[in-house]
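Written below as structure tokens is the structure these notes are about.
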Number of protein chains: 2
Amino acid sequence: MNEKHQIFYETSLKLVYKKGFKATTMRDLAEEMGCDVSNIYNYIDSKQSLLEEILFNINDLFQEGIDLIRCSDYGPIDQLKQVVRLYVNLSIERPLELSLLTNEWRNLKGEKLELFISEREKFEHKVKSIIREGMRKKVLIEMDLKLATFLFLSALRLLFDKYALTENPFNKIELERQINRYIFQGFTNNSK
Amino acid sequence: MNEKHQIFYETSLKLVYKKGFKATTMRDLAEEMGCDVSNIYNYIDSKQSLLEEILFNINDLFQEGIDLIRCSDYGPIDQLKQVVRLYVNLSIERPLELSLLTNEWRNLKGEKLELFISEREKFEHKVKSIIREGMRKKVLIEMDLKLATFLFLSALRLLFDKYALTENPFNKIELERQINRYIFQGFTNNSK
DNA sequence: GTCTATAATTCGATAGAC
DNA sequence: GTCTATCGAATTATAGAC
């Protein structure tokens, strides 16, 4: 990936985030790059391959992250806190890619779509296995495993929205601390 | 809205949910309806107006719901539990519309897009005011108000995904109970 | 690498006969 | 309400000159 490709990659990210993949035309990309439509095909093979590149790049970071966490010596709760950290870090550092990951994957086609879905399930399954272990050890509350995995991940999955465009009031450490307290201790104040 | 319009409306919902609004063509809709493309314009004015109708219909249900909750006599936590119930009910009864609400609103244009965004902010503001009151009364934990609102809503916002396609293991009451416990008491088991 | 020009297709929408 | 036929615009992508 040379320099021009890199510039094109980041320009594409911004535009697709803003307008959506389907609504972003090659002409839009060319205008944003300040070149002709035909030049874009020097950097990529097709519009479709651009989406594939973006989505599988960011997917790789999640898969690497969760694998590192799972082979660590931490207990279930600390492993889940590492998952929180993974999402916080990527949401801050790569908010646009995370947005496309949740909003644009339906635009993949054929075997790429199937591959993506299976990767997504693989990731969820790994998180689920941590939660299952936490329930088995009684450090997490007993509840439907699938629902628990969904609830735990849902807050993290939309986190990018707070960082993709809006300025943010506090630093990464404080954000992580508040999210962890909300998730693990709950919303109700029991300190009284 | 006559009967044919109703059938078309529901057919559109399924197709747009499955393929996305941009990727769903008038020809796709016609094929699914078993009629010609030109017939569709007997039921709607344009493809764009179809999206507007769907999104503002479901938006109205949320606005009515949150307004009813806010003018009730319940305390902050019970009002938030009513918000959970609102999402659970709509996620079960109208999962496709909820999916479009979160995934397709970017495809609105001009003043309709602006209107939608302002409606969305209005709803969030109302939820936020309940949470603010809960923090003031010390029944909710002290934390950044914006982050708290985001975390509370994020789990509810993606709930439709569990009901749009997948079969589900437990009933509405049990689902609501488990979500409430997760949100308000937290993920950690403190019963020991 | 960059442009002009254009192919080949698909899109939303309409006119007009029945 | 339903069809046939089609318009005009927009789309992705390519060929070929420089």
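In what follows, chains are A, B, ... by sequence order, proteins preceding strands, each numbered from 1.
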**Message:** If the threshold is 4.0 Å, N to carboxylate O, is there a salt bridge linking B:Arg157 and B:Glu124?
**Reply:**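 Salt bridge present between B:Arg157 and B:Glu124.
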**Prompt:** Can a salt bridge be assigned to the pair A:Lys172 and A:Glu93 using a cut-off of 4.0 Å between side-chain N and carboxylate O?
**Reply:** yes
**Prompt:** Would you say the ring centroid of A:Phe62 lies under 6.0 angstrom from that of A:Tyr87?
**Reply:** yes
**Prompt:** A:Lys126 and side chain to side chain donor-acceptor pair (under 3.5 Å): which partner among A:Glu121, A:Gln63, A:Gln79?
**Reply:** A:Gln63
**Request:** Evaluate the ring planes of A:His5 and A:Phe8, with Trp represented by its six-membered ring, and classify them as parallel (under 30°), tilted (30 to 60°) or perpendicular (over 60°).
**Result:**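 Aromatic pair A:His5/A:Phe8 classed perpendicular.
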Can you tell me the distance, in whole Å, between the [atom1] atom of [X] and the [atom2] atom of [N]?
{"X": "A:Asn107", "N": "D:dT11", "atom1": "CG", "atom2": "C1'", "value": "15 Å"}
{"X": "A:Met26", "N": "C:dA7", "atom1": "CE", "atom2": "P", "value": "20 Å"}
{"X": "B:Arg27", "N": "D:dC7", "atom1": "CZ", "atom2": "P", "value": "14 Å"}
{"X": "B:Gln48", "N": "C:dA13", "atom1": "CD", "atom2": "C1'", "value": "13 Å"}

**Prompt:** Side chains of B:Gln48 and B:Glu52: is there a donor and an acceptor less than 3.5 Å apart?
**Reply:** no
**Asked** Below 4.0 angstrom from OP1 or OP2 of D:dA10, is there any side-chain N or O of A:Lys22?
**Response** no
**Asked** Which parts of residues 32-45 of chain B get close to DNA chain C, meaning a heavy atom less than 4.0 angstrom away?
**Response**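 Under 4.0 Å from DNA chain C: B:Ser38, B:Tyr41.
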